[in-house]
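Structure, as structure tokens:
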Number of protein chains: 2
Amino acid sequence: MELRHLRYFVAVAEELHFGRAADRLGMAQPPLTRQIQQLEAELGFALIERSRPRIGLTRAGEVLLNHARGILQSVELATREARRTSRGERGRVSVGYPSSLAYSGLTALLQAFRSRFPDVEVELRELPPAEQVTALKAGRLDVAFIRGPLDDAELASELVRREPLVLALPADHRLAAKKRVPLSAVSAEPFVFFPRARAPAFFDVLIGLCRDAGFLPRIAQEAPQVDVLSLVAAGFGISIVPASVRETPSQLVFRPILGAPMSELLMAWRAGDSSPSRHQFVELVRRVGVHRSRAGRSAPA
Amino acid sequence: MELRHLRYFVAVAEELHFGRAADRLGMAQPPLTRQIQQLEAELGFALIERSRPRIGLTRAGEVLLNHARGILQSVELATREARRTSRGERGRVSVGYPSSLAYSGLTALLQAFRSRFPDVEVELRELPPAEQVTALKAGRLDVAFIRGPLDDAELASELVRREPLVLALPADHRLAAKKRVPLSAVSAEPFVFFPRARAPAFFDVLIGLCRDAGFLPRIAQEAPQVDVLSLVAAGFGISIVPASVRETPSQLVFRPILGAPMSELLMAWRAGDSSPSRHQFVELVRRVGVHRSRAGRSAPA
DNA sequence: AAGACTTGATACCTGGAAGGTATCGTCGCA
DNA sequence: TGCGACGATACCTTCCAGGTATCAAGTCTT
């Protein structure tokens with residue numbers, strides 16, 4: 001049995017007239033008659049009662065008709081859903097992001113994605129950058145936002161935002177009075193940094209900056225990314241952070257660094273990955289970008 | 001798209017190997033490859049990822065696979081149910097019977113039918129014989145049990161039971177003492193009969209018997225079938241009834257009539273009717289017959 | 001009652017497509 | 001680098017879905 005048989009049978013059952021059914025199917029009557037006969041022969045029982053003035057369905061025919069309609073609809077549904085999946089309009093993406101992005105543009109991005117792709121399930125996972133790379137490769141993540149350079153043959157990536165690195169200082173710090181601070185001016189300061197293992201690439205960028213300025217920072221305290229600012233506020237030291245952390249409520253001041261070193265935010269995914277939803281997510285990020293929240297965008301960068 | 005495509009795709013998706021899938025399908029590998037390509041071309045997107053060591057499904061392929069399995073199962077189910085319907089193992093019969101049969105063999109018959117055809121819904125309707133004929137022709141009944149001769153081109157019928165007609169007498173009636181009563185002996189008695197309109201054919205049989213015995217019965221009282229016996233018990237007159245009504249609890253005596261006139265119980269259905277369930281019902285009645293309840297069968301007929 | 005009409009079935013033909021065989025191309029692997 | 005595995009391609013054959021013409025049977029009309 002083929003879908004053809006069911007389609008033909010439904011047409012005949014609905015028209016109760018071979019000629020009209022054939023018309024509706026865009027074919028001639030004799031082959032239609034033959035296909036129905038063939039279907040009946042294969043099943044081994046009659047579906048249609050050939051009574052003279054008009055034909056009718058047998059009981060078995062009625063039963064088959066009900067099922068056949070459902071089956072044909074299921075086929076429609078199946079192709080539609082598969083098509084939507086292939087277009088990325090339906091599916092699942094898991095997105096990893098570092099805690100520093102939580103308050104900075106991700107929500108607007110996700111809102112845009114969800115409104116454009118309401119049937120794609122978005123799974124969000126806040127992870128340290130190092131773990132994001134692992135999770136990406138293992139397939140536990142489809143897209144990750146990572147700061148700093150990324151060089152991995154398994155991963156494809158794209159720059160989504162460049163922002164200045166700024167000095168984070170307690171409000172009463174002696175350098176808080178200056179508009180712009182040369183990095184060499186802080187060579188003797190105690191620093192608060194996150195542990196290198198959490199984001200080696202970004203960590204190395206920061207250390208590299210200091211080295212270029214002629215010193216090796218003295219790390220007075222290590223802390224997870226989110227807690228760096230509190231420790232700076234508490235006077236444990238100063239730090240270097242992306243400008244966007246200004247959005248995070250805190251009692252600190254942030255001062256541009258002379259020479260305006262930049263931090264690069266990357267969006268990364270598995271190089272060979274063909275998940276259509278992932279593709280759509282990347283495409284959307286390309287189109288709308290990763291902007292800071294409204295308040296942040298109006299503030300000076 | 002045809003079911004063939006879905007069957008092939010499911011095989012490939014399950015084996016993840018064109019060669020093995022082709023084996024399983026009993027065909028060669030090249031046509032299988034081509035059918036899958038054709039399916040993908042028609043859908044407009046890929047279902048299978050041709051990665052080298054082994055092939056895999058695209059997301060769309062996974063979605064389609066889930067649906068395809070269900071669709072193929074639905075097709076199985078549809079043919080099975082249609083087949084069962086065609087065999088009368090599934091469906092519906094409405095059976096009409098006169099009140100006189102309620103206590104006389106119908107229950108055993110229905111039990112047998114339900115245990116053999118548990119998926120056939122049996123609708124029972126107690127109706128006066130005249131209405132049964134109307135209901136049969138109108139399609140509101142599929143089978144009817146009717147007493148007496150039936151001559152109707154639209155209806156087919158079959159004799160299912162012959163039983164003696166007996167005189168129903170009050171226990172203290174003068175003829176109750178006799179073993180066997182000639183009908184001529186009751187020519188002067190008042191009679192209790194049901195209204196002719198309720199069962200004209202059977203009524204005419206009774207009148208005909210009297211006429212043959214040389215008299216026209218004086219009908220002292222008319223009553224619906226079930227009430228005839230009460231009226232006889234109350235002394236309104238005597239009556240002639242099928243022997244099986246002896247099963248009905250009552251204070252009467254029943255006496256065989258000289259010459260042993262018989263009543264015929266017929267099973268009738270629409271001549272052209274092709275309902276398989278109706279057919280099975282008729283077949284089963286042919287096989288097991290319509291017997292009186294256990295108590296009735298051991299009593300003398 | 002006879003003929004015209006309707007409508008499904010049959011006969012026969014044709015083109016296309018499904019399936020087969022042989023072979024190629026490509027990717028891993030030893 | 002050659003070999004094996006496996007999907008793709010080329011080409012052929014067969015079969016069958018669909019087309020046209022016509023038949024057959026039943027209905028309706030006049």
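So you know, we letter chains A, B, ... as the sequences are listed, proteins then strands, and number each from 1. Quick note: numbers below take in every heavy atom, side chains included, and nothing from hydrogens, waters or symmetry partners.
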Nearest-nucleotide 5' precedence on DNA chain C, A:Pro31 against B:Gly26: A:Pro31
Short side-chain N/O contact from A:Gln38 to OP1 or OP2 of D:dA17, under 4.0 Å: yes
Gap between atoms CD and P, on A:Gln35 and D:dC16 respectively (whole Å): 11 Å
For atom CD1 of A:Ile36 and atom P of D:dA17, their distance in whole Å: 12 Å
Side-chain heavy-atom pair A:Phe9, A:Glu14 within 4.5 angstrom cut-off: no
Using atom names, set out every protein N or O paired with an N or O of nucleotides 6-8 of chain D below 3.5 Å, distance rounded to 0.1 Å.
residue : atom : partner : partner atom : Å
D:dC6   : OP1  : B:His17 : NE2          : 3.3
D:dC6   : O5'  : B:His17 : NE2          : 3.4
D:dG7   : OP1  : B:Phe18 : N            : 3.4
D:dG7   : OP2  : B:Phe18 : N            : 3.3
D:dG7   : OP2  : B:Gly19 : N            : 3.3
D:dA8   : OP1  : B:Arg50 : NE           : 2.8
D:dA8   : OP2  : B:Thr33 : OG1          : 3.3
D:dA8   : N7   : B:Gln29 : NE2          : 2.9
D:dA8   : N6   : B:Gln29 : OE1          : 3.3

Residue among A:Arg80, A:Arg84, A:Arg114, A:Arg90 satisfying salt bridge (Lys or Arg N to Asp or Glu O under 4.0 Å) with A:Asp119: A:Arg84
Min side-chain heavy-atom separation B:Leu141-B:Leu127 under 4.5 Å: yes
Spacing between B:Arg4 atom CZ and D:dC15 atom P, to the nearest angstrom: 16 Å
Test item: B:Ser274 and A:Glu49 side chains (from C-beta on) under 4.5 Å apart, heavy atoms: yes
Atom-pair distance (CG on A:Asp23; P on C:dT7), nearest Å: 11 Å
Difference in axis direction between the ends of the helix from C:dA1-D:dT30 to C:dA30-D:dT1, five pairs, 10°: 20°
B:Leu3 CG to C:dA18 P, straight-line distance once rounded to whole Å: 14 Å
Enclosure of B:His67 NE2 (heavy-atom neighbours >12, cutoff 6.0 Å): yes
A:Phe281 ring center within less than 6.0 Å of A:Phe117 ring center: no
Flag side-chain contact, heavy atom, 4.5 Å: B:Trp269 against B:Val93: no
Nearest-0.5 Å distance that lies between atom CG in B:Leu57 and atom CG in B:Leu47: 8.0 Å
Atom pair CD (A:Glu154) and CZ (A:Arg270), whose distance is rounded to the nearest 0.5 Å: 9.5 Å
Separation of atom CD in B:Glu2 from atom P in C:dA17, rounded to whole Å: 12 Å
Closest to side chain of A:Met27, choosing from C:dT21, C:dG19, D:dG18: D:dG18
Distance, rounded to the nearest Å, where A:Leu32 contributes CG and D:dG19 contributes C1': 13 Å
